Amino acid sequence: MDKTYQPHAIERSWYQTWEKKGYFAPSGEGTPYSIMIPPPNVTGSLHMGHGFNNAIMDSLIRYHRMKGHNTLWQPGCDHAGIATQMVVERQLGAQGVSRHDLGRDAFIEKIWEWKEQSGGTITNQIRRLGSSVDWSRERFTMDEGLSEAVKEAFVRLHEDGLIYRGKRLVNWDPKLHTAISDLEVENIDEKGFLWHLRYPLADGATTADGDTYLIVATTRPETMLGDSAVAVHPEDERYQNLIGKEIILPLVNRRIPIVADDYVDREFGTGVVKITPAHDFNDYEVGKRHNLPLINVLDRDAAILATAQVFNVDGTANNDVDTTLPEAYAGLDRFEARKQIVAAFEAANLLEKIDDHALKTPRGDRSGVVIEPWLTDQWYVSAKELAKPAIEAVENGDIQFVPKQYENMYFSWMRDIQDWCISRQLWWGHRIPAWYDDAGKVYVGRDEAEVRSKHNLGDEVTLRQDDDVLDTWFSSALWTFSTLGWPQNTDALKTFHSTDVLVTGFDIIFFWVARMIMMTLHFIKNDDGTPQVPFKYVYVHGLVRDSQGHKMSKSKGNVLDPLDLIDGIGLEALVEKRTANMMQPQLAAKIEKQTRKEFPEGIASYGTDALRFTFCSLASTGRDIKFDMGRMEGYRNFCNKIWNAARYVLMNTEQQDEQGSCIGALDCGQNGGEVELSLADRWIISRLQRTEQQVEKAFGEFRFDLAAQALFEFIWNEYCDWYLELSKPVLWDENATEAQLRGTRRTLVRVLETALRLAHPMMPYITEEIWQRIAPLAGKSGDTIMTQPYPLVNAERIDAQAEADIEWLKGVIVGIRNIRGEMNISPAKHIPVLFEHVSDDDQRRIAENARFLRKLANLESVTALTADDEAPLSAVQLVGEMKVLVPMAGLIDKDAELARLQKELDKLTKEVARVGGKLNNPSFVDKAPEAVVAKERAKLEDAEKAKQELQAQYDKIAAL
RNA sequence: AGGACUAUAGCUCAGUUGGUUAGAGCGCUACCUUGACAUGGUAGAGGUCGGCAGUUCGAAUCUGCCUAGUCCUACCA
């Protein structure tokens, strides 16, 4: 074995072996356990969040696989409608071709081509992360089977009356030319203006103050072209006489009514609001209440129309309203139109004033442009009814969120859920299975033939399929069951659904988790007709952030590719990677500077296991995960520690040639034979059981950080720091018996072998690599650690006596080391040690552990004094009541020792005062549980005794 | 506006049902190439647990208020 841990030498080949041998597929035996990977966006590449996610899921999957479950982890991607279409359009754009030049079919073919080329990125990343997904069951939302499922779901929902089509205001993206759902709109704080406009009253009416106009305030003056009313509060005394009268809308000269509606806030502005039902969601509601016409003045690019389009609130065309618009603005972009309209108001002396105003601007999360409420025909899922059982499933615990607090977030959204706009004006996606006849009547069916036969439509009727496609999240919502073969009732569906746990970030609880729950409960039923949940647990993890705590995003240029932490990357390559293909190239310089500052040396290579272990150790209950390179380096070092511990074990249990290759095994008890376990052996075996307990508990509670910590502490602080050291005096003792040697060798290999299995779910590669060589020495056989049983606690092997004895031993050794350290005695120097005030237990422990003491504390001699012996002047450490003495002669400076004692005495004085104070408080003694009081009494007694001893010692030395 | 979450060592974070001398890793200081490991070892320094009140014999832990930060939802035109 190499002297240091070299991850690259072992990772790739093990993954290939595992995959080739089919270890990732379900075993077909045992209780089913399944996880569906949250499908990454096929256009993209995995970022740190995915890396984190994968580390968690793979740990769970490997853990359950080792526990003998019939384990399925199914991978796949979603087609990411808008994002993918954008990427391919941009590529075509670079060649001067638009998708319209190509036509729909050819364009979709281009997307498939592109997907073939780039789809390998993600699968390669998943492999490099060590994820043991069943590649044979990889799925893609646009695959035939899943497309079937989408169609089926749409048709059934429509039949159930849960999907409808209607003309509504939607969030329109004027750049991408599609509707998007509420969730895809980001409301961003921006600075804007509030324009106060004068709207002249018709028919000579005047306000209470005698003005001939009303003042409305607006952040979007250009929409005034579509105003269909002005509203005041019904109880607003200022405007009582004007309700029912009319306004002459400036520039347009349309007469519009003054209505009363309690939507209006009297305190805000002038208490008068312009109502534009076709261009504002609130105004739309007001319009509905007052039966106002919907006057659309914008086209799909959000430019001003030459003539308005007018509808009634029920969506029918309105022919009563004059559609004339001023010619000056026709074809102008909304922002240009805004400027000119404001100028026109000013010129007409109708501009009262302009105030600065902070507002939230709705922007498309993909395009970044301002979203326009726009009147269109769209398909909707009525969510209220679907939400009911989805809420219940969480209320009654069929689905549990971990941590639980996320249930509140879920409930609050579900209880106020809005209908979901599922149609998108895109080409890439599942085309809506709806057809129209020439009269515009709509028919829904699985295909045109079904529609014709169902509605008795002869060939003379021409049918045209809806051009639109479905929201990607619609297909993702079916993910847990569509990927298992639904609508067929496949064996896979019966076996692996409900899945066990969904692992995801809280940012997509609404987008995905909630919708999956609604859809699954609706479509998937048990034999008794009760609905099936998509998953029993939702493990919600935090978002991975950079070291500054900022969210990682491409536009900020602070993203990290998990592979770059695994393999390492030079500074230049990292800068290049972060600044390539930017949506906003002007940020490149800033990103470059920032990158050079944060990673002046680039990024070192840490290997997959260290990365995964780091992710696990960060998986506590918080919402943010600040990724800390220092922490990962620490865990890389941990891998090295394991590596070297294994080297040591192998050196002492194998027969090795000059190069360290194995040429035979020493007797580790693999073939039986008498075995004598030392105290240290019994101790480490006991500690191993406790570690197994902790890890088991932590996995059960999704506390991967605690599992990682328990493993780390056991392996480093107990096995390496103490046990390996304690094994040396036995292994190197020429007088050791065969049974003793066999016992220690057996414990060395068995504990290591078990620890490897314990750690394997989190660190698959290093554990496999070492296990291959350790297993035979531990009497284990098998092709891979992956399918070995996960360690089970054996409570009988917990040995409290051994633990107490080793604690004593550690106390003595640390005490001596402390004197050495503080007194500057060279570690190389052999020193004598004496024990005074020795109890029977101490006597036994000294006798049993003399050789350990000598070796680990590097002692010249170990002497237990009897009551009659006179102790030489010494530096002293207390272990319980026993005094550990290091004679001062020639070694220790008087003043240094006094200072050291004084420090100890100060500590003890404080302790005595603190505990004594507590015990002097009668209400404490009266009210606290007896055990607690007894504990405090013992504490006080110990501290007082220790203080006395040390004080006496101090006086003795001081007197010299 | 409503709600959630967070605040513990210089940094990144643990801390189970209230009872610890409040822990870990990194960083820092001193010493050490001892036959697994310098990606290491030994010893050590470092914390008024955001602030203020309260409940309690006892609070990092429970309650209220405040401050700071993060986020979500809704929104005043």
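In what follows, every chain begins at residue 1, and chains take the letters A, B, ... in the order their sequences are listed. Here the structure is a predicted model, which is why all the values come from computation and not from measurement.
- Between B/rG46 and B/rG27, the distance separating the two C1' atoms is 11 Å to the nearest Å.
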- Per-residue pairing states of RNA chain B in dot-bracket (Watson-Crick or G-U under 3.5 Å; . unpaired, | other strand) read (((((((..((((.....[...)))).(((((.......))))).....(((((..]....))))))))))))....
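- Comparing B/rG44 with B/rG50, their P atoms sit 27 Å apart, to the nearest whole Å.
- Under 4.0 Å is where a charged nitrogen must lie from a carboxylate oxygen, and between A/E904 and A/K947 no such pair does.
- With A/F411 as the aromatic partner, A/R415 meets the cation-pi criteria of under 6.0 angstrom to the ring centre and within 45 degrees of the ring axis.
- Rounded to whole Å, the distance from CZ on A/F193 to P on B/rA77 is 15 Å.
- In terms of position along RNA chain B, the nucleotide closest to A/L706 lies nearer the 5' end than the nucleotide closest to the other residue of the pair A/L706 and A/V649.
- Taking the C1' atom of each, B/rU70 and B/rU61 are spaced 23 Å apart, rounded to whole Å.
- Here, B/rA22 and B/rC31 have their C1' atoms 28 Å apart, quoted to the whole Å.
- There is a side-chain donor-acceptor pair under 3.5 Å between A/T4 and A/Q6.
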Determine all donor-acceptor pairs shorter than 3.5 Å in which one atom belongs to a side chain in residues 919-934 of chain A; sequence neighbours excluded.
unit_1: A/N920; atom_1: ND2; unit_2: A/G916; atom_2: O; d: 3.3
unit_1: A/N921; atom_1: OD1; unit_2: A/S923; atom_2: N; d: 3.1
unit_1: A/N921; atom_1: OD1; unit_2: A/S923; atom_2: OG; d: 2.7

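- For the P atoms, the distance from B/rC11 to B/rC75 is 40 Å, rounded to whole Å.
- With both ends at atom P, the span from B/rC28 to B/rU16 equals 31 Å, rounded to whole Å.
- The ring of A/W732 lies on top of the base of B/rG35, close enough and flat enough: under 5.5 Å between centres, under 30° between planes.
- Here the separation of B/rA9 from B/rA24, taken at their C1' atoms, is 11 Å to the nearest Å.
- Using a 4.0 Å cut-off between charged nitrogen and carboxylate oxygen, A/K939 and A/E944 do not count as a salt-bridge pair.
- Of the charged side-chain nitrogens involved, none lies within less than 4.0 Å of a carboxylate oxygen, so that A/R334 and A/E222 do not count as a salt-bridged pair.
- Residue A/E822 is classed as a sugar-phosphate contact, given heavy-atom separations below 4.0 Å to backbone atoms only.
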Short heteroatom pairs, N/O only, protein and nucleotides 57-62 of chain B, under 3.5 Å:
unit_1: B/rC57; atom_1: OP1; unit_2: A/K927; atom_2: NZ; d: 2.4
unit_1: B/rC57; atom_1: O4'; unit_2: A/S923; atom_2: O; d: 3.4
unit_1: B/rC57; atom_1: O4'; unit_2: A/S923; atom_2: OG; d: 3.4
unit_1: B/rC57; atom_1: O2'; unit_2: A/N921; atom_2: ND2; d: 3.0

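- Within 6.0 Å of atom CD in A/E601, 12 or fewer heavy atoms from other residues, nucleotides or ligands are found, so the atom counts as exposed in its surroundings.
- B/rU29 sits 16 Å from B/rG10 when the P atoms are compared, rounded to a whole Å.
- Looking at heavy-atom distances under 4.0 Å, A/R703 makes contact with sugar-phosphate atoms alone, never a base.
- Checked by atom type, the side-chain pair A/H8/A/S605 shows a donor-acceptor distance below 3.5 Å.
- Close to B/rG41, at under 4.0 Å from its OP1 or OP2, lies a side-chain N or O of A/W716.
- When the nearest nucleotides of RNA chain B are assigned to A/Q6 and A/Q418 by heavy-atom distance, the more 5′-ward of the two goes with A/Q6.
- Paired with A/Y635 under the rule ring-ring contact (aromatic ring centres under 6.0 Å, His included), one option of A/Y606, A/F712, A/F615, A/Y5 passes, and it is A/F712.
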